[in-house]
Amino acid sequence: MGRIVGRMAAAKMDETVSPRRERMRLLLVEAATRLFAKQGVDATTIDEIVDLAGVAKGTFYNYFVDRPDIAHAVASATRHKMNAAVEELNLGIDDPAERVSRGVRLFLALVAHDPVRARMLARIYEGGVDIASHGNEHLVGDLEAGIEQGRIHVPSVDVALHLVVSLGTAGIRHLLDVGAGEEIKRGEGYAQRLTIVLLQGLGVGPAEIESILKRPFDVSHLGIWK
């Protein structure tokens, strides 16, 4: 009986420790995000991160190896927020090809809204793209639906995924180098030209591409900017 009670107490302790660890990790990520957004990754020290988070320096190393490690975590968190923003932007949009193109234009708009986070986000794909990696599920779903519905014509889903991510990442890097104006927030200019090439690569016809680009595109109302 005593052993059973002991195991129950240990299990209960694990339940309370796990959420606490998650909250502590989130605290560090949020502090790093604020500092990176204000002064950049390279100019931020671990001491500044733990000071802002209000934790001991040793606590940092319970969760992260070094500054690049937490920078990767910040980029991952940004990507997941962006994925949620894509879903918000695409509410009421049924066409998979349009959904994919709007998502890419939203990622480009991030450069105009927050270039620091855009740069961190671009770094996450430096090692290539795994179709099964966490964070690509919505995009993969749209690509699969587009192929099934005959809206997207590609040899395979993984090839389509790599096309979307690589072209989008290259677009982000280009805008980070040359600057992103207000037209990028509206999906115009370079963002529109990139979208044309993307949709052509996905096998969407010229008339359909023109129709997609004529429809309203406005990201200003999204919650991610607030």
Side-chain angles (χ1 to χ4, degrees), residues 33-34 36-43 71-72 74-93 95-126 129 135-136 138-140 142-143 146 151-152 160-202 204 206-226:
T33 300
R34 290 172 58 186
F36 293 162
K38 179 182 179 181
Q39 59 198 38
V41 176
D42 295 337
H72 188 277
V74 170
S76 297
T78 300
R79 183 181 67 175
H80 292 307
K81 288 180 181 179
M82 287 296 293
N83 287 343
V86 170
E87 288 302 299
E88 182 183 355
L89 178 67
N90 281 336
L91 286 175
I93 304 296
D95 176 19
E98 182 174 0
R99 288 174 60 87
V100 171
S101 73
R102 286 165 65 88
V104 170
R105 280 178 281 172
L106 174 58
F107 272 74
L108 295 178
L110 179 64
V111 181
H113 279 280
D114 195 334
V116 172
R117 285 184 176 83
R119 190 175 300 279
M120 288 187 293
L121 188 63
R123 289 173 180 165
I124 204 171
Y125 292 114
E126 285 181 348
V129 183
N136 292 323
H138 295 304
L139 174 56
V140 171
D142 284 336
L143 292 171
R151 291 290 292 150
I152 292 175
L161 173 64
H162 296 162
L163 171 65
V164 175
V165 174
S166 60
L167 187 57
T169 303
I172 290 173
R173 292 190 178 281
H174 171 73
L175 291 174
L176 286 167
D177 289 339
V178 304
E182 290 296 314
E183 76 281 358
I184 301 300
K185 297 179 182 180
R186 300 189 297 269
E188 299 171 355
Y190 175 81
Q192 185 178 82
R193 295 192 294 274
L194 184 142
T195 301
I196 292 172
V197 173
L198 171 67
L199 290 173
Q200 288 174 337
L202 292 176
V204 181
E208 295 166 321
I209 293 175
E210 183 178 359
S211 177
I212 287 173
L213 292 176
K214 280 183 177 179
R215 286 195 274 275
F217 178 81
D218 179 16
V219 301
S220 61
H221 64 286
L222 297 179
I224 192 172
W225 314 131
K226 298 176 182 177

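A donor-acceptor pair is defined here as one N or O able to donate and one able to accept, closer than 3.5 Å; no such pair exists between the side chain of Arg117 and the backbone of Thr78. Although no hydrogens or angles enter the test, the distance criterion places a donor-acceptor pair under 3.5 Å between the side chain of Trp225 and the main chain of Val219. Judged by distance alone, the side chain of Ser211 and the main-chain N or O of Ala207 form no donor-acceptor pair under 3.5 Å.
The environment of CZ in Arg34 is sparse: at most 12 heavy-atom neighbours from other residues, nucleotides or ligands sit within 6.0 Å.
A salt bridge is defined here as a Lys NZ or Arg NE, NH1 or NH2 lying under 4.0 Å from an Asp or Glu carboxylate O, and Arg99 with Glu87 meets this definition. Ion pairing of Arg151 with Glu208 is present here, as a side-chain N (NZ or NE/NH1/NH2) and a carboxylate O approach within less than 4.0 Å. Between Arg186 and Asp218, no side-chain nitrogen of the basic residue sits less than 4.0 Å from a carboxylate oxygen of the acidic one, so the salt-bridge criterion is not met.
Applying the ring-ring contact (aromatic ring centres under 6.0 Å, His included) rule to His72 yields no partners; only residues at least two apart in sequence or on another chain are considered.
The minimum heavy-atom distance linking Val100 with Asp142 is given by the pair CG2-CB, 3.8 Å. Closest of all the heavy-atom pairs between Ile172 and Ala118 is CG2-O, 3.9 Å. Scanning both residues, Leu163 and Ser166, for their nearest heavy atoms gives O-OG, 3.3 Å. The two residues Leu108 and Gly168 make their nearest non-hydrogen contact at CD2-O, 4.0 Å.
Screening Asn90, Leu89, Leu91 for a side chain to side chain contact (heavy atoms under 4.5 Å, CB included) with Ile93, the sole residue that qualifies is Asn90.
Separating the NE2 atom in His162 from the CG atom in Leu167 is a distance of 14.0 Å, to the nearest 0.5 Å. Rounded to the nearest 0.5 Å, atoms CZ (Arg119) and CG (Asp114) are 11.5 Å apart. Taken to the nearest 0.5 Å, the OG1 atom of Thr195 stands 9.5 Å off from the OH atom of Tyr190.
One side chain, Arg105 or Ser101, offers a donor N or O that lies under 3.5 Å from an acceptor on the other.
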_Between Leu106 and Leu222, does the side chain to side chain contact (heavy atoms under 4.5 Å, CB included) criterion hold? Intermediate values first, please._
CA-CA 10 Å; Leu106 174 58; Leu222 297 179; 3.7 Å; yes
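By the 4.5 Å heavy-atom criterion applied to side chains, Arg215 and Asp95 are counted as neighbours.
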